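Contents: one structure, followed by commentary.
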Amino acid sequence: MLTTDILIIGSGISGLFFAMKTAQKRPDLSIVIMTKEAARNTNTQLAQGGIAVVTDLIKDSFNKHIHDTLRSGGGLCDREIVNMVITQAPERLKELIEIGTSFDKDEKGRWNLGLEGGHSQHRILHHKDSSGLEIERKLLKIIRKMPNIELWENHMVIDLNTETRKNKTTCTGVFFYDKKHNRIKYIRTRTVVLSTGGCGQLFENTTNPKIATGDGLAMAARAGAEIVDMQYIQFHPTALYTSKENPLFLISEAVRGFGAHIVNEDKKRFLFKYDIRGELATRDMVSSAISKELRLSGKDHVYLDCRHLNKAEFYANFPIIAAHCNELGIKPEKDLIPIVPAAHYQCGGIKVDQNGTTAIPNLYAIGECARTGLHGKNRLASNSLLEALVFAHQASENVDRTIAGFLFSNRILIPKFPKAHQVDDYLAFEILKKELQKLVTAFYTNEERDADLTFEKIKELHNYAVSLTQTHEITIPFIEFSNMIAVSLIIVKQCKASNKEMC
Ligand code: SIN
């Protein structure tokens, strides 16, 4: 039987950082990282902005960063967690730098700190506009060299297996789909770490890649973990509007920190009507102001105005954004950039404690799939890579302390799933996914929404998907779609229970 001491699901910053730290500390433990596509295909590598860390204790302070985080979170953050993450940040940053991650400096060798919405100080360390890509590359390079880590790309986890003895439930392994060999397999393990990212693909407009289908959250829910705050999906205000792209290209909040304005059809700034911080208000404020403006005007986008900015500096700081705009025939130095808010980040998720532990003691959740208490209702910009590092560290320390108490289960489990034949059902599920995205988006953004009706319609879609699999066995699109359905139902239920206002 396939066996590993620790199984990590997902290959973004949290999973890789956890793997690196644990492998260094415990060379006696075997670690497998499973990821459903190529290892680099993650949300992390799309992260542009950077990492919020207090590095300048003269102008800035931990207290200011804590205050900004709590304010952005709208009263729903866990203060102890916020303290822990922000005060630990410099140590985690040091570890990233030690493995060769580079962050921009000015001509005097000082950090070139960026500013983003909701931050009272410049404190974002960044690698031009490709901070996530830089971190992902450096971590993957290290991981691939570590003798006790195996990286299994193109392996999709279907479900967690749990066992309950003497009223204690533990996770004993996972069923997964080996895409290369077209087989469903089982691996037993002593610890599982979910680092599967978010669920942006539930929405029509999203900055998240196609892989962001809420897999980890859905499987954790099926295994009995607690899921909370899923009514708080963060919309990023400045996704590049191109009529029907998925995902939409992100234009970093750092561009507004650099001085860009948001304007309407009449080329007029309007955000100060909604918040005195204007373009530098928190994301929830800016996105909701844009949505209101769009409802009033009946238009489908507003604009980002960068024309007044220094062209050479703009191109030097945002080379990827500038190149992408140029490819579409938009010259930021003379054209307005059409933008629209897009689903960007899941603030809720699998409930964990300060060590990343879920309600199942050897099941951890870190990164975007986890709800740690840091973000509250609305994550402060550039706090997510930071949270991923800190919770990867916390979970790694906890696994080191506790893994001795989790033994391999001796029960040999025969997978319940039929041998799958991948058939060409990607197209059928693409259509179903679009239907689901329409339903979830309409529900989440509509004043007149009806939770019960949406719930029923989502279930109908699922029944239809199940009927497809009766003719041709379980497939990857079906697994992803079922996870998306499960997460959609949780969002609808939690919005209804909390009476969350529309976005
Ligand atoms: C951005 O660069 O605007 C995204 C960074 C983040 O999501 O915090």
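Atoms within a ligand are numbered from 1 in the order they appear, just like the ligands themselves. These numbers come from a predicted model, not from an experiment.
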Hey, mind stepping through T213 and F481 against side-chain contact (heavy atoms from CB on, under 4.5 Å) and telling me if it holds? CA-CA 8 Å; T213 50; F481 188 68; over 6 Å; no
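- In this structure, the side-chain contact (heavy atoms from CB on, under 4.5 Å) partners of R71, at least two apart in sequence or on a different chain, are H67, R277.
- Near ligand 1, residues Q48, G49, H236, L250, S252, E253, R283, H344, R379, A381, S382 each place a heavy atom inside the 4.0 Å sphere around the ligand atoms.
- Checking R371, K351, K377 one by one against D229, the salt bridge (Lys or Arg N to Asp or Glu O under 4.0 Å) holds for a single residue, R371.
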Only pairs under 3.5 Å count here: list side-chain donor-acceptor contacts from residues 321-332, not counting sequence neighbours, and write none if there are none.
unit_1 : atom_1 : unit_2 : atom_2 : d
N326   : ND2    : Y315   : OH     : 3.4
N326   : ND2    : A322   : O      : 3.4
N326   : ND2    : I330   : O      : 3.1

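- Note on ring orientation: taking the six-membered ring where Trp is involved, the planes of F314 and F318 are tilted (angle from 30° to 60°).
- Within the structure, salt bridge (charged side-chain N to carboxylate O under 4.0 Å, His left out) contacts touching residues 82-96 (residues at least two apart or in different chains) are K21-E95, R92-E95, K94-E98.
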